[in-house]
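To keep things clear, I will list the structure first and then write my remarks on it.
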Amino acid sequence: MSMARRLVDVRTRARPRARAVACVLAVCAAGGCMRRTIVVTSDPPGATVVLSDVEVGRTPVEAEFLYYGTYDVLLTKDGFEPLRTAARASPPVYDIPPLDLPASAVPGARSTIRWHFTLEPALESRLPKAELEAGVLDRARALRSAEPAPRTP
């Protein structure tokens, strides 16, 4: 077999592989189109939500995210104790490699994580003002009596 004939055979055999590689690359390029969102709700609604040091809005709120994992969550609302916690965003089965390639090629593919938090009323809103003031004064007196006497030179 001549050298020219052998080159033609190698190129002919390489084309199906090149097509397969091109198809895989096209699917990978189309991948990453899945829309990932976290929906945060609270009781009562209207709390400010901060996810990993980024304020995303007031509940109910929907925010897009890129990575699954554990997020630091802070919810604040006037009249309620601030809630600082961690919440985990776990991937659904169809968003775990290698299953994520065909799933992300589907137009409109979504992954939604839902978190709900309940805020506790602040102590100031649960106790009468007179009782709060009396408690502050009692703590101040206790601190003064526990304070050592000033030294004289």
Side-chain angles (χ1 to χ4, degrees), residues 14-153:
R15 283 191 183 162
R17 278 189 231 142
R19 286 185 188 142
V21 169
C23 287
V24 169
L25 290 175
V27 169
C28 289
C33 297
M34 181 170 298
R35 185 169 181 233
R36 295 176 179 96
T37 57
I38 294 175
V39 175
V40 182
T41 57
S42 69
D43 183 27
T48 301
V49 180
V50 178
L51 296 178
S52 295
D53 299 326
V54 177
E55 186 174 324
V56 295
R58 294 185 179 271
T59 59
V61 64
E62 182 176 315
E64 289 192 6
F65 70 99
L66 294 176
Y67 305 105
Y68 291 103
T70 303
Y71 286 83
D72 294 325
V73 181
L74 172 65
L75 278 86
T76 57
K77 183 175 172 95
D78 287 340
F80 292 87
E81 293 292 330
L83 176 64
R84 186 177 303 269
T85 187
R88 181 149 181 79
S90 300
V93 175
Y94 57 83
D95 206 7
I96 297 174
L99 299 175
D100 62 337
L101 283 177
S104 63
V106 175
R110 288 184 70 138
S111 173
T112 302
I113 307 295
R114 297 184 185 282
W115 294 331
H116 180 78
F117 301 97
T118 302
L119 299 174
E120 297 293 325
L123 181 63
E124 294 84 20
S125 65
R126 291 184 293 198
L127 296 176
K129 187 175 179 180
E131 189 176 334
L132 285 173
E133 289 174 359
V136 170
L137 292 174
D138 290 341
R139 288 191 299 276
R141 286 186 197 105
L143 285 172
R144 280 191 190 140
S145 65
E147 182 179 327
R151 292 186 197 173
T152 56

Suppose the criterion is salt bridge (Lys or Arg N to Asp or Glu O under 4.0 Å): which pairs have a residue in residues 59-69, not counting sequence neighbours? R35-E62, R35-E64, E62-R110

Scan for ring-ring contact (aromatic ring centres under 6.0 Å, His included) pairs involving residues 38-60, sequence neighbours excluded, and state none if there are none. none

Using a cut-off of 6.0 Å, state whether more than 12 heavy atoms not belonging to R114 lie near its atom CZ. no

To the nearest 0.5 Å, atom OG1 of T41 lies from atom CZ of F117 at 8.5 Å

Worked check of side-chain contact (heavy atoms from CB on, under 4.5 Å) between L51 and W115: CA-CA 12 Å; L51 296 178; W115 294 331; 3.9 Å; yes

Can you establish whether the number of heavy atoms outside D78 located under 6.0 Å from its atom CG is more than 12? no

Measure across A89 and Y71 and return the closest heavy-atom pair with its distance rounded to 0.1 Å. CB-CE1, 4.1 Å

Does the side chain of F80 reach to within under 4.5 Å of the side chain of L75, using non-hydrogen atoms? no

Around atom CG of D138, are there more than 12 heavy atoms from other residues, nucleotides or ligands closer than 6.0 Å? yes

Rounded to the nearest 0.5 Å, what separates atom CG in L137 from atom CZ in R139? 9.0 Å

K77 side chain vs P45 backbone, donor-acceptor pair below 3.5 Å: yes

Heavy-atom pair with the smallest gap, counting every atom of I38 and V40: CG2-CG2, 3.8 Å

Can you check whether V49 reaches T59 side chain to side chain, under 4.5 Å on heavy atoms? yes

Spatial distance of atom CG (D43) from atom CD (E120) [nearest 0.5 Å]: 9.5 Å

Validation row: L119, P44 side chains within 4.5 angstrom (heavy atoms): yes

Closest heavy-atom pair, L66 versus R36, reported as atoms and distance to 0.1 Å, is O-CD, 4.0 Å

Which atoms form the tightest heavy-atom contact between A86 and T70, and what is the distance? CB-CG2, 3.8 Å

